[in-house]
Amino acid sequence: MTSISANLQAVSERIRDAARAAGRDPAAVRLLAVSKTWPAQSVREAAAAGQRAFGENYVQEALAKLAEVDDPALEWHFIGPLQSNKTRAVAQHFAWVHSIDRLKLAERLSAQRDVHLPPLNVCLQVNVSGEDSKSGVAPDEVLPLARGVAALPRLVLRGLMCIPEPTDDVTLQRRRFATLRGLRDTLAAEGIVLDTLSMGMSHDLEAAVAEGATLVRVGTAIFGARPRSESAAVAGG
Ligand SMILES: *Cc1c(COP(=O)(O)O)cnc(C)c1O
C-alpha cells in the first residue's frame, strides 16, 4: 500500500468516526482530495486507491495536470480564488467551482459553459470569520447572491463553502461551521434548498463533520505537507 492510499484510508476513518460521533451517516460526507502543488503521479496514486474527486486552486497548474492525468473517470473541483479572466478555462474543464463570491464570476461561468457539458455545479464561498479572512461573500449578502446565481441557466447552485481562519480552538472551529450551516438553513427557508456544505480541511474536518459538512476538502492529510508555504492562499489571498 502506498502512503497516499494509507493516508486516504486514515482520512476516511476520521470522517467515519466523526460522522458516527455526530449521529450522521458517514456516506453523507464526500471526500475531496486537494491535489494542488502535487504532480499528476500523486493524483494517479490516489485514483488507483479509489479516490474520484480532486480539488485544485491554480488554473494554470490545474490545466496542465488535468491534461497529464487524462482520466475521464475523475471529477475536478476548482476551489481557489478565481479571477474573471480565468473563468473560461474553469468553465470548460471543471465539474464544480466552490469559490463563487460575486455575481459577475457566476455570470461569466454560465455564459462560458459549453452547451455539450452538463451544468457547472457551484458553491458560494462565504466569509464566516469576518475581517480575519479576505475571500468570500459577507453572510448578509448570501441571499441576494444565491438568488442571482440560482437564476443562471448553465450553473446549478449546490451549496455553500467556507475557509475559516486557522485555529486549534475546536469551539471556534465549530462556531464558524455552524454559521455556514445556519446560512444554508436560512436559504432553505427562502426556497433555495442546497445539498452541499463544503467545509473542513485536514486540521478541522472533525468539527466540520460535527456541524453538518457534506464535503470535506483535504490536502495535507492525504498527500503530505506542501512544499511551499500555502497559508496565504488557504486564507484566501
Ligand atoms: C489547500 C486547501 C484545502 C486543503 O487544505 P489542507 O489543510 O491541506 O487539508 C482545502 N480547501 C481549500 C480552499 C484550499 O485552498
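First listed ligand is number 1; within each ligand, the first listed atom is number 1. Remember, predicted model here, so these are calculated numbers, not experimental data.
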Evaluate G219 for polar contact with ligand 1, using N/O atom pairs at a separation under 3.5 Å.
yes

What are the atoms of ligand 1, with element, lying closer than 4.0 Å to any heavy atom of V218?
9 (O)

For T220, take its heavy atoms, then give the atoms of ligand 1 lying under 4.0 Å from any of them.
6 (P), 7 (O), 8 (O), 9 (O)

D25 atom CG, over 12 foreign heavy atoms within 6.0 Å:
yes

Salt bridge or not for E56 and K65, using N-O below 4.0 Å?
yes

Partner set under ring-ring contact (aromatic ring centres under 6.0 Å, His included) for F94, not counting sequence neighbours:
F78

Of all the atoms in ligand 1, which lie at a distance below 4.0 Å from a heavy atom belonging to I163?
13 (C)

Acceptor/donor pairs from residues 114-123 side chains to any protein atom, 3.5 angstrom cut, sequence neighbours excluded:
residue : atom : partner : partner atom : Å
D114    : OD1  : H116    : N            : 2.8
N121    : OD1  : R158    : NH1          : 3.1
N121    : ND2  : A95     : O            : 3.2

Atom indices of ligand 1 within 4.0 angstrom of I79 heavy atoms, with elements:
11 (N), 12 (C), 13 (C), 14 (C)

How does N57 reach ligand 1, by side chain, by backbone, by both or by neither, if only non-hydrogen atoms under 4.0 Å count?
side chain

How far does CG of L160 sit from CG of L197, to the nearest 0.5 angstrom?
6.0 Å

Closest non-hydrogen contact found for A53 with R30 is CB-NH2, 3.7 Å

Nearest option to atom 11 (N) of ligand 1, as decided by whichever heavy atom of R217, E56, R226 sits closest
R217

Where's the contact between K36 and ligand 1, heavy-atom distance under 4.0 Å: side chain, backbone, both or neither?
side chain

